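Here is the structure we will look at.
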Amino acid sequence: MFIDTHAHLNFKAYNKNLEEVIDKAKKAGIEKIIIPGAKIDSSRKAVEISQKYTDCFATIGIHPHHVDEFTNLGERNVEEELNLLIKKEKTVAIGEIGLDYHEYKDYPPVSEENKKNQKQLLLFQIELAQKSDLPIIFHCRDAQDDQLELIQSCIQATQKDIRAVFHCFGGEKKHLKKVISLGFFVGFDGNITYPENIHLRNLISYAPLDRILLETDSPYLTPMPFRGKRNDPSLIAYVASCIANLHHKSIEEIAKTTLQNAIKLFLL
Ligand SMILES: [Zn+2]
Ligand SMILES: [Zn+2]
C-alpha cells in the first residue's frame, strides 16, 4: 500500500479520464492520493476532486510560477479565496508554495522584482498555514538558500513551528541537512530513476527513512522505463523501488514507512 503525496490530478492532462486514473491507482495499491493546487482555480479543482473521491485529498495554494495571480488580485482577495478552500473538510495542507528561480526554456530569467514578489507570496502563505494549523508542501527550485532563510526567520519571528515537506527535493547535501534539522520531510519523485541524476540518488542515501515521502508529481517526472509518457499515481512503485535499493530495504518496508510518514504529516 502506498500514498502518493503529490499528484496533480487537478491538471488538464487528466480531464478526459480522471476516473480511470484513480481506478488504476487503486488497483496498483495506492491507498490515498494528495492533490496539490498551483493557483486558485487548480486549488478549487483539487478540492472538488477530493469531495468526489474518498481516497483523494486536496492542498491549496499559489505556486511561485503563478505569483502574478497574487500581485494582480492583491493579498486581501487571495486570502479570501484561499480561506474558503482551507475550511473544506479534505484540505490537508497549504501548497504547493515556495520559491523558483530556475530559468525555464521559453521564459525570461527571473527578475529581482519577481523574486521579491515570490518571497512576499511565500511569506503570506506560510502565515496562512500557521494560522490554520496546516502543514505545508514546499516547492523549491534553484532557491534553497533564500527559501530556507525565509522559513527560519518566519519561525523565529512567529515563535510557531512549521510542519512541512520539501517536495521533489533537489538541493545539495547541506540543504537536505537543514531541512531534516527543521523537522521537515523530503519528497522524492520519478526523476530519481533517471540515469543522469546520480546526485539525487546520493542524497537519498543520506535522507532518514522516517522523513521520506513518496510522490509522483503526475503528470510530470514519469519514472523509468516510462519516461516521456504521461505520469500517473499507479507508477509510484518505481520510485519506491529505487529508494528501497538505495537503502537496502524491501519495497514493502519502504511502502510501510513512507505511508506512516504521510499519515503523520498530513494527519490523514
Ligand atoms: Zn513542485
Ligand atoms: Zn507539483
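What you see is a predicted model; the values in this text were computed from it and never measured.
- Residues Asn83 and Ser132 form no side-chain contact, since every pair of their non-hydrogen atoms from C-beta on lies 4.5 Å or further apart.
- Evaluation of the ring pair (Phe, Tyr, Trp, His ring centres under 6.0 Å) rule for Tyr101 yields no partner, not counting sequence neighbours.
- Using a distance-only test at 3.5 Å, with no hydrogens or angles considered, no donor-acceptor pair links the side chain of Asn191 to the main chain of Leu221.
- Other residues, nucleotides and ligands contribute at most 12 non-hydrogen atoms within 6.0 Å of the OH atom of Tyr206.
- Counting heavy atoms from C-beta outward, Glu253 and His247 have side chains that stay 4.5 Å or more apart.
- Phe166 and Phe184 have parallel rings, their planes meeting at less than 30° on a 0 to 90° scale where 60° marks the start of perpendicular.
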Taking only distance into account, with no hydrogens and no angle test, what donor-acceptor pairs under 3.5 Å do side-chain atoms of residues 233-245 form with protein atoms, sequence neighbours excluded?
| unit_1 | atom_1 | unit_2 | atom_2 | d |
| --- | --- | --- | --- | --- |
| Ser234 | OG | Asp232 | OD1 | 2.5 |
| Asn245 | ND2 | Ser241 | O | 3.4 |

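- Gln51 places a side-chain heavy atom less than 4.5 Å from the side chain of Lys88.
- Between His139 and Pro64, some side-chain heavy-atom pair lies under the 4.5 Å cut-off.
- Checking Gln118 against Asn114 by side-chain atom types alone, a donor-acceptor pair falls below 3.5 Å.
- No more than 12 heavy atoms of other residues, nucleotides or ligands sit less than 6.0 Å from atom CD of Glu149.
- Between His65 and His63, the two ring planes are tilted [angle within 30° to 60°].
- Atom NZ of Lys90 has more than 12 heavy atoms from other residues, nucleotides or ligands within 6.0 Å.
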